[in-house]
Protein chains: 2
Amino acid sequence: MKHMHKQENLSKNQQIVLDYIEKVNEPIKAYSILHNVQKKGIKAPLQVYRALDKLVEIGKIHKIESRNAFVACKNSSCQLSKATAFSICESCEEVSEISDNKLSKYLKSFQDKAGMKFKKYNLEFFGLCKKCSIK
Amino acid sequence: MKHMHKQENLSKNQQIVLDYIEKVNEPIKAYSILHNVQKKGIKAPLQVYRALDKLVEIGKIHKIESRNAFVACKNSSCQLSKATAFSICESCEEVSEISDNKLSKYLKSFQDKAGMKFKKYNLEFFGLCKKCSIK
DNA sequence: GTGTTAATTGTTATAATATAACATTGTGTA
DNA sequence: TACACAATGTTATATTATAACAATTAACAC
Ligand SMILES: [Zn+2]
Ligand SMILES: [Zn+2]
Ligand SMILES: [Zn+2]
Ligand SMILES: [Zn+2]
């Protein structure tokens, strides 16, 4: 067990940012996070972006690429798999993480024609949520 | 033929931007497009972004969300379907559009548990292309 | 303890991406 | 002609993200 420099626990800033993202429980943007954690001592965008990078890397949060927003993971397996899927309502912007074994199994085993080796994927579905469909 | 305000042809700026994107034949960023079409008379970012919006809307190009880049469509059916999938090499950044009937059929018919009505999706796979795997 | 390494933080400045607002011009059709 | 709508031109600004560098902290080996 030599040079095992892999941290078990989150650092101070990482924990502050994660706590806030988990509290709001919906996709949130980096600068909005910044404004809301300034009372905790985080002053600069880079402090937020660095925490976000780490949290994404370890699977605690995900980036909704089409929205430039970040959301807490609801799916324990993401910390390992890096396989993410979301449904996004184009009307109310509600986002939910899809957890579907069949879907993830299918996509993890997908082979493209060019013989590429996939390590991860991100899938975003767009449409209307139930509430917005009725209106 | 009444009130048929749906244009058949691209406008001048839209055509300039599309021509350039098709010529480079790889994902390219908005400001890079701007620099390269200034000789054609396009001077401001907004002129590029407006053309890009339209071209994405009609399926002539796609946005690679994780890269903030735009690429010409290689798949005639995208003008209708809005169902896109890409493979992205994390080493050389090569991007190719996946055209796989089984995959698109599977995803188009996917139903999430919340009963959302999907109109489109975007899927991005990440990994190493054949060339970069060898190295 | 000391020394070593990597991770994290703090800070200022700047780069890169994208949109707001408003006036004007072009295009198809009644 | 007049109308509706799409597209353009222009300036300014908003939003998202990173570069560069110095300082501090945490984990481990010896
Ligand atoms: Zn997750
Ligand atoms: Zn909705
Ligand atoms: Zn396409
Ligand atoms: Zn490659």
Side-chain angles (χ1 to χ4, degrees), chain A residues 1-21 27-58 60-71 90 93 95 122 124, chain B residues 1-21 27-58 60-71 90 93 95 122 124:
Chain A
M1 220 199 265
K2 293 175 99 176
H3 273 285
M4 268 289 292
H5 280 200
K6 194 164 181 187
Q7 97 270 15
E8 308 287 298
N9 304 308
L10 297 176
S11 73
K12 189 188 67 170
N13 287 358
Q14 289 159 14
Q15 192 65 57
I16 290 169
V17 170
L18 179 59
D19 285 346
Y20 182 67
I21 295 175
I28 186 162
K29 292 175 169 245
Y31 276 74
S32 173
I33 294 168
L34 175 60
H35 293 137
N36 283 285
V37 297
Q38 284 185 326
K39 45 186 171 297
K40 302 274 185 184
I42 291 181
K43 291 173 192 165
L46 198 45
Q47 295 175 293
V48 172
Y49 278 104
R50 285 199 282 224
L52 290 172
D53 281 351
K54 187 69 181 188
L55 293 168
V56 167
E57 187 192 320
I58 63 178
K60 290 280 191 186
I61 65 171
H62 304 303
K63 184 174 186 183
I64 311 298
E65 293 284 359
S66 65
R67 300 297 188 261
N68 298 316
F70 301 84
V71 68
E90 290 182 302
E93 292 294 322
V95 170
N122 180 54
E124 297 181 3
Chain B
M1 226 197 259
K2 295 171 99 175
H3 270 284
M4 270 289 292
H5 279 199
K6 193 165 178 185
Q7 98 268 19
E8 308 287 298
N9 304 308
L10 297 176
S11 75
K12 189 187 67 169
N13 287 0
Q14 289 159 13
Q15 192 66 56
I16 290 169
V17 170
L18 178 59
D19 286 348
Y20 182 67
I21 295 175
I28 186 163
K29 290 171 172 253
Y31 276 74
S32 173
I33 294 168
L34 175 59
H35 293 138
N36 283 284
V37 297
Q38 284 185 328
K39 45 186 171 296
K40 301 274 184 185
I42 291 180
K43 290 173 192 164
L46 198 44
Q47 294 175 293
V48 172
Y49 279 104
R50 285 198 282 224
L52 290 172
D53 281 351
K54 186 70 181 186
L55 293 168
V56 166
E57 187 192 320
I58 64 178
K60 290 280 191 187
I61 66 172
H62 304 302
K63 184 174 187 184
I64 311 298
E65 293 285 357
S66 65
R67 300 298 186 261
N68 298 317
F70 300 85
V71 68
E90 290 182 302
E93 291 295 322
V95 170
N122 180 53
E124 298 182 2

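Just the heavy atoms: all of them, side chains too, but no hydrogens, waters or symmetry mates, feed the values below. Residue numbering restarts at 1 for every chain, and letters A, B, ... go by the order of the sequence lines. Computed from a predicted structure; not experimentally measured.
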Residue list, salt bridge (charged side-chain N to carboxylate O under 4.0 Å, His left out) with B:Glu90, at least two apart or on another chain: A:Lys119, A:Lys120

Kindly give the heavy-atom pair with the smallest separation between B:Ser66 and A:Glu65, and that separation in Å. CA-OE1, 3.6 Å

Taking only the side-chain nitrogens and oxygens of A:Lys29, find out if one of them lies under 4.0 Å from OP1 or OP2 of C:dA18. no

OP1, OP2 of C:dG10 versus side-chain N and O of A:Lys43: anything below 4.0 Å? no

Using whole Å, what does the distance between atom C1' of nucleotide C:dT19 and atom CG of B:Asp53 come to? 10 Å

Does OP1 or OP2 of D:dA6 have a side-chain N or O of B:Lys12 closer than 4.0 Å? no

Looking at residues 31-39 of chain B, who's got a heavy atom less than 4.0 Å off DNA chain C? B:Tyr31

For A:Asn13, check side-chain contact (heavy atoms from CB on, under 4.5 Å) against everything at least two apart and list the hits. A:Ile16, A:Ile42, A:Gln47

May I have the distance from A:Lys40 (atom NZ) to C:dT9 (atom C1'), rounded to whole angstrom? 18 Å

Taking side-chain hydrogen bond (donor to acceptor under 3.5 Å, both in side chains) as the definition, give me every residue that meets it alongside B:Ser32, ordered by chain and number, with sequence neighbours left out. none

In whole angstroms, how far is the P atom of D:dA7 from the CD1 atom of B:Ile16? 14 Å

Nucleotide C:dT17, atom P - distance to CD of B:Glu65 in whole Å: 13 Å

Identify, between B:Arg67 and A:Gly41, the residue whose nearest nucleotide on DNA chain C lies closer to the 5' end. A:Gly41

Got B:Lys63 and B:Asn68 here, is their nearest side-chain heavy-atom distance under 4.5 Å? yes

Does C:dA7 have its OP1 or OP2 closer than 4.0 Å to a side-chain nitrogen or oxygen of A:Asn13? no

B:Arg50 has a side chain; which of D:dG9, C:dG10, C:dA18 sits nearest to it? D:dG9

Taking only residues two or more places apart in sequence, or in another chain, which ones meet A:Ala30 in a side-chain contact (heavy atoms from CB on, under 4.5 Å)? A:Val48, A:Tyr49, A:Leu52, A:Phe70

With nearest nucleotides of DNA chain D determined for A:Tyr49 and B:Leu46 from heavy-atom distances, which residue corresponds to the more 5′ nucleotide? B:Leu46

Verify the contact: side-chain N or O of B:Lys54 to OP1 or OP2 of D:dA7, cut-off strictly under 4.0 Å; return yes or no. yes

Once you round it to whole Å, what is the distance between P of C:dT8 and CG of A:Leu55? 10 Å

d(CG, A:Leu52; P, C:dT8) in whole Å: 14 Å

Partners passing side-chain contact (heavy atoms from CB on, under 4.5 Å) against A:Arg50 (at least two apart in sequence or in another chain): A:Leu46

Using heavy atoms to find the nearest nucleotide of DNA chain D for B:Ile42 and B:Pro45 separately, return the residue whose nucleotide is more 5′. B:Ile42

Distance test, side-chain N/O of B:Ser11 to OP1/OP2 of D:dT8, below 4.0 Å: yes

Counting only side-chain nitrogens and oxygens, does B:Gln47 get under 4.0 Å of the OP1 or OP2 atom of D:dT8? no

Look at the side-chain N and O atoms of B:Asn68 and state whether any lies under 4.0 Å from the OP1 or OP2 oxygen of C:dA18. yes

